[in-house]
Amino acid sequence: SERADVHLIPDGIDVDYYKPGEKNIPILKKYNCDEKNKVVFFTGRMVERKGHRYLLGAIKYVKDKFPEIKLILGGKGPLEGELIKLRNDLDLTSFIEMPGFIPEEELIPLLQSIDLFVLPSCVDKNGDTEGSATAALEAMSCGISAILSYVGGNIDSIKNGEEACYFKCADAKDLAEKIITNFSNASVYSTNKKIAREYIMNNFSWK
């Protein structure tokens, strides 16, 4: 039989909407952050497969190296109470903001103002996981470095260690190491932000 050519068409990113901009200090202050913080961000429905707990757990290790770290962990859902309790039990209330739902009109200014986006998806007890890495790609389109779990639709979205990097799925320590590495070399960090935007422009724009 003849072999058909198969082409994977990923989600398109609106690069004119998700674009770099000036750091928005009032938005950061609304979420109890400022320009002195290293701000990590993720938002998504608080269900098991989104992996919020691994990002929360990673901050326990990162804060010892970077006490200026601040995580904005957005979203609402059935695990919200459990995640708030975990944050409190780990004594991370001064390092992690959990504001609930983040309004659409604040999302772009926030993405333009953060230092790092993490997509911490995992596989839940029913075998469900992330369908695509769109949220991370949108952040990268804003000129932001990203770290993605190596699972589901995240796989093959990036070239690991170039415009973004992977961490081991459901491994808070490995995620912490990747965050620390990201913030430890200012020149590499700056280059990665520029490359992230270029990568999305060249590979995921609607054009």
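We number each residue from 1, following the sequence as shown.
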For this session: Take Glu106 and Lys30, measure what salt bridge (charged side-chain N to carboxylate O under 4.0 Å, His left out) needs, and give me the verdict at the end.
Result: CA-CA 10 Å; Glu106 294 182 2; Lys30 178 175 179 178; 2.3 Å; yes
Side-chain donor or acceptor of [X] paired with backbone N/O of [Y] under 3.5 Å:
X	Y	answer
Tyr54	Ser149	no
Asp34	Lys36	yes
Tyr166	Asn154	yes
Glu163	Lys159	yes
His52	Glu80	no

For the atom pair [atom1] ([X]) and [atom2] ([Y]), what is the distance rounded to the nearest 0.5 Å?
X	Y	atom1	atom2	answer
Leu175	Ile59	CG	CD1	7.5 Å
Cys165	Ile179	SG	CD1	9.0 Å
Ile200	Leu137	CD1	CG	4.5 Å
Cys33	Ile25	SG	CD1	10.0 Å
Glu138	Ile144	CD	CD1	13.0 Å
Lys38	Ile114	NZ	CD1	13.5 Å

Count I, L, V, M, F, W, Y as connected when their side-chain heavy atoms are under 4.5 Å apart, and connections chain through other members. Are [X] and [Y] then in the same cluster?
X	Y	result
Val151	Val118	no
Trp206	Ile108	no
Val123	Leu79	no
Tyr61	Leu90	no

Can a donor-acceptor pair be found between the side chains of [X] and [Y] at a distance below 3.5 Å?
X	Y	value
Asn32	Glu97	yes
Asn88	Thr93	no
Ser113	Asn24	no

Heavy-atom pair with the smallest gap, counting every atom of [X] and [Y]:
X	Y	value
Pro99	Leu73	CD-O, 3.6 Å
Cys169	Ser121	SG-O, 3.8 Å
Ala146	Met140	CB-CG, 3.7 Å
Thr43	Gly74	OG1-C, 3.2 Å
Ala58	Ala172	CB-O, 3.5 Å
Leu56	Leu92	O-CD1, 3.7 Å

For this session: Please test Arg197 against Met201 for side chain to side chain contact (heavy atoms under 4.5 Å, CB included), starting from the C-alpha separation and ending with a verdict.
Result: CA-CA 6 Å; Arg197 169 70 177 177; Met201 293 283 287; 3.5 Å; yes
Problem set entry | Asp128/Arg49 under salt bridge (charged side-chain N to carboxylate O under 4.0 Å, His left out): CA gap, chis, key distance, verdict | CA-CA 7 Å; Asp128 192 17; Arg49 71 181 178 87; 3.4 Å; yes
For this session: May I ask you to check whether over 12 heavy atoms, not counting those of Glu105, lie within 6.0 Å of atom CD?
Result: yes
For this session: Check whether more than 12 heavy atoms from other residues, nucleotides or ligands sit under 6.0 Å from atom NZ of Lys29, and answer yes or no.
Result: no
For this session: Please list, chain by chain and in numerical order, all residues satisfying side-chain contact (heavy atoms from CB on, under 4.5 Å) with Asp174, sequence neighbours excluded.
Result: Phe167, Lys168, Asp171, Glu177, Lys178
Is any side-chain heavy atom of [Y] closer than 4.5 Å to one of [X]?
X	Y	answer
Phe183	Ile69	yes
Asp124	Val47	no
Arg87	Lys60	no

Problem set entry | Qualifying residues under salt bridge (Lys or Arg N to Asp or Glu O under 4.0 Å), relative to Arg53, sequence neighbours excluded | Glu82
Problem set entry | With Phe204 via ring pair (Phe, Tyr, Trp, His ring centres under 6.0 Å) - residues at least two apart | Tyr199
For this session: Would you check, one step at a time, whether the test side chain to side chain contact (heavy atoms under 4.5 Å, CB included) holds for Val15 with Lys19?
Result: CA-CA 6 Å; Val15 297; Lys19 62 185 178 181; over 6 Å; no
For this session: For side chain to side chain contact (heavy atoms under 4.5 Å, CB included), just list the numbers for Val40 and Ile72, CA-CA rounded to whole Å, side-chain angles, deciding distance to a tenth of an Å, and then say yes or no.
Result: CA-CA 6 Å; Val40 180; Ile72 301 173; over 6 Å; no
For this session: Answer yes or no: is there an ion pair linking Glu130 with Lys50, defined by an N-O contact shorter than 4.0 Å?
Result: yes
Problem set entry | Lys63 vs Asp91, salt bridge (charged side-chain N to carboxylate O under 4.0 Å, His left out): CA-CA, chis, key distance, verdict | CA-CA 11 Å; Lys63 70 178 177 59; Asp91 197 23; over 6 Å; no
Exercise. Knowing that exactly one of Leu116, Leu71, Leu111 qualifies, which makes a side-chain contact (heavy atoms from CB on, under 4.5 Å) with Phe41?
Worked result: Leu111
For this session: Would you please test Lys76 and Arg45 for side chain to side chain contact (heavy atoms under 4.5 Å, CB included) and show each step?
Result: CA-CA 5 Å; Lys76 296 188 74 65; Arg45 180 164 165 74; over 6 Å; no
